[in-house]
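To start, the structure under review is shown below, and the notes come after it.
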Amino acid sequence: MASTCTSNDDNSLFNFVVKEGNGVKGLVDSGLTEVPDRYIQPPQHRINKLHVAESLKDMTIDLSELDGPNHDQVAKAITHAAETLGFFQVVNHGVPLELLESLKVAAHKFFAQPAEKKAVYLKGVSPSPMVKYGTSFVPEKEKALEWKDYVSMTYTNDADAHNFWPNECKEVALEYIKTSTEMVKKLLQTLIGNLGVKANDARLDELVGLKMVNMNFYPTCPNPEVTVGVGRHSDMGTLTVLLQDGIGGLYVKKGESAFPEDEEWIEIPPIDGALVINVGDTLQILSNGRYKSAEHRVRTTSIESRVSVPIFNTPLPVVKIGPFPELVARDGVARYREVMFGEYMNNFFSNSHDGKKSLDFASA
C-alpha cells in the first residue's frame, strides 16, 4: 500500500489518506521516511520562532477556590485571561484525574486499530451523523493538509452515545462530558457575570447546549519543521475544554500583529492533572469583543505520537447569538450582528483553517 501514497501521486495519496480512511497514521505505518508534498506548509504557516512564556505558569487557576473566600480573586484571574490571551488552565476542576488518564489510553486504543475498523465512521458511511472519523480539517479545500487524524462524537443523549459511539472510547467520553458540565457552567457564570449581564440557567444552558468530544491523534512526523498538526484558527463555540497529554505542542497567538514576522506564539505547557480552557468565537460575539477567542495551532513532533481530547461546548444550532443588549447599550455599538448558531457552524466547517476569519461571518 505504501506505493499508492507517494508524494508524486497526489490523487492516490488523497484517496489513501482521506477517502479510504487510512489517515496520516496509515501513511506513517506504511514506512514513510519524508513528508509528502501535500503536507508541506507554506513558510508563513510553519511553526517557528516560538516564544515560550514563563508567565503562562501563572495562568493556572485552582477552580476549587471559586467557592471559597478567594472567589473574587479567582474570578478576576479567569476574566483577565479571557480578556487577554483567551486561554488558561484549571486544576481541581472536578473531573477525576484517573478519567483523564483513561481518556488518553482510549484515544491511543481507537487509533491503534486497523484502518478498516476506523473507516466505518467515515462521513457518508458512519452509522450515525453524530460520529465522524476523518483526517485534517476540510481536506477537500486545503492546499496543505494537517498532520492529524480524529474521531468526533456529538452528544445528543446517553442512548445514542451507547448505541453509536465507538466501543473503544464511548464510556470515557460520555463520563468526560458529564463530569465537566458543572465546571463549564461555573466558568460561564463567572465570565458573563463579570460583564454585568444577568443570564438565567436556561440561557446559560442553551449557550453550551451542544457538546462535541473529539479525540485527536498526531502521529510522529519525519519532518515536523515543515508541517502543522492543526493550522491557525479559533474555535467556533462558547468554551472549549481540552485535555493535553504530556508531549506538548499547543501554541496560542499573543495579541494582534499586523505582520506575520511580528507575531508571538506562546506554548501552553502540559501540566499534569490540568485542563486547558479557551474562549471560542461565540463568547467573543456575546461579549461584544471584550473576551477574545484564542487563535491557536498545534505543531507536530518526530519523537512520539500525541493525543488530545477537547470538548467543544457550543450553543444549540437553533440559538441566536449576538452581543448581549446590555453591552451594546453600554458600548454604543454592536460589533457583531445576530446570527443563528447553526449558520455560523455551517460556515465554520465549510472553510479551511485561516486564523480568526470565521468571525467575519458575524461582523456587523
Side-chain angles (χ1 to χ4, degrees), residues 53 55-56 58-61 63 66 74-90 93 180-181 183-197 199 203-212 214 230 232-244 250-257 264-268 274-298 308 310-315 319 321-324 327 331 335-336 339 341 344-345 348 353-363:
S55 61
L56 274 191
D58 300 331
M59 292 181 73
T60 303
I61 295 167
L63 272 193
L66 204 52
V74 174
K76 187 176 178 183
I78 291 168
T79 54
H80 175 71
E83 289 170 348
T84 52
L85 201 59
F87 258 87
F88 55 98
Q89 303 204 61
V90 293
H93 37 62
S180 64
T181 296
M183 168 190 66
V184 169
K185 194 168 179 181
K186 275 186 183 179
L187 289 170
L188 195 55
Q189 282 172 331
T190 300
L191 289 164
I192 291 178
N194 180 68
L195 296 172
V197 171
R203 178 62 171 150
L204 290 174
D205 288 344
E206 69 180 13
L207 292 175
V208 289
L210 183 67
K211 296 175 186 293
M212 289 173 275
N214 275 26
V230 180
R232 52 195 303 159
H233 71 288
S234 54
D235 293 344
M236 65 176 178
T238 306
L239 286 172
T240 300
V241 177
L242 174 75
L243 169 64
Q244 292 198 86
L250 172 63
Y251 291 85
V252 60
K253 184 179 172 185
K254 184 179 180 182
E256 299 295 331
S257 305
E264 186 174 358
W265 291 82
I266 302 167
E267 184 168 18
I268 306 294
L275 289 167
V276 179
I277 308 294
N278 72 273
V279 172
D281 291 351
T282 296
L283 192 51
Q284 179 162 332
I285 292 167
L286 292 168
S287 68
N288 207 26
R290 181 163 170 185
Y291 296 138
K292 310 299 182 189
S293 66
E295 185 174 342
H296 55 288
R297 56 187 181 175
V298 176
S308 67
I311 301 178
F312 302 105
N313 297 277
T314 80
V319 170
I321 58 169
F324 288 119
L327 301 182
D331 298 343
R335 296 184 175 90
Y336 304 96
V339 297
F341 182 72
Y344 193 89
M345 181 164 57
F348 184 85
H353 285 145
D354 190 7
K356 291 182 67 170
K357 286 201 176 164
S358 52
L359 272 168
D360 292 348
F361 184 78
S363 290

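No hydrogens, no waters, no symmetry mates; every other heavy atom, side chains included, goes into these values. Residues take their numbers from the sequence shown, with the count starting at 1.
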So, Lys292 versus Thr84: side-chain donor-acceptor pair below 3.5 Å or not?
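No - no donor-acceptor pair under 3.5 Å links their side chains.
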Please test Leu275 against Leu243 for side chain to side chain contact (heavy atoms under 4.5 Å, CB included), starting from the C-alpha separation and ending with a verdict.
CA-CA 5 Å; Leu275 289 167; Leu243 169 64; 4.0 Å; yes
Worked check of side chain to side chain contact (heavy atoms under 4.5 Å, CB included) between Val241 and Phe312:
CA-CA 7 Å; Val241 177; Phe312 302 105; over 6 Å; no
Please tabulate, one pair per line, all N/O donor-acceptor pairs under 3.5 Å involving side-chain atoms of residues 203-212, not counting sequence neighbours.
{"unit_1": "Arg203", "atom_1": "NH1", "unit_2": "Glu206", "atom_2": "OE2", "d": "2.7"}
{"unit_1": "Lys211", "atom_1": "NZ", "unit_2": "Val208", "atom_2": "O", "d": "3.4"}
{"unit_1": "Lys211", "atom_1": "NZ", "unit_2": "Asn313", "atom_2": "OD1", "d": "2.7"}

Side chain proximity check, [X] to [Y], heavy atoms < 4.5 angstrom:
| X | Y | result |
| --- | --- | --- |
| Pro315 | Thr238 | yes |
| His80 | Phe88 | no |
| Val74 | Thr190 | no |
| Phe361 | Leu359 | no |
| Arg232 | Tyr251 | no |
| Ile192 | Phe324 | yes |
| Leu188 | Leu283 | yes |
| Asn278 | His296 | yes |

Could you give the distance from [atom1] ([X]) to [atom2] ([Y]), rounded to the nearest 0.5 Å?
| X | Y | atom1 | atom2 | value |
| --- | --- | --- | --- | --- |
| Ile266 | Glu264 | CD1 | CD | 5.0 Å |
| Asp235 | Lys356 | CG | NZ | 11.0 Å |
| His93 | Ile61 | NE2 | CD1 | 12.5 Å |

Just by distance, do the side chain of [X] and the backbone of [Y] share a donor-acceptor pair under 3.5 Å?
| X | Y | value |
| --- | --- | --- |
| Gln244 | Ile268 | yes |
| Tyr344 | Ser358 | yes |
| Tyr291 | Leu191 | yes |
| Thr282 | Met236 | yes |
| Arg335 | Asn288 | yes |
| Glu295 | His233 | no |

Identify the heavy atoms of [X] and [Y] that sit nearest to each other, and give their distance.
| X | Y | value |
| --- | --- | --- |
| Ala81 | Met59 | CB-CE, 3.4 Å |
| Ile321 | Phe341 | CD1-CD1, 3.9 Å |
| Ser234 | Ser293 | CB-OG, 3.7 Å |

Please assess Ile277 against Gln89 for the test side chain to side chain contact (heavy atoms under 4.5 Å, CB included), listing each intermediate value before the final yes or no.
CA-CA 6 Å; Ile277 308 294; Gln89 303 204 61; over 6 Å; no
By side chain to side chain contact (heavy atoms under 4.5 Å, CB included), which residues pair with Arg290, not counting sequence neighbours?
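Arg290: side chain to side chain contact (heavy atoms under 4.5 Å, CB included) contacts with Glu83, Asn194, Leu195, Ser287.
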Between Val279 and Leu85, is the side chain to side chain contact (heavy atoms under 4.5 Å, CB included) condition met? List the steps.
CA-CA 9 Å; Val279 172; Leu85 201 59; over 6 Å; no
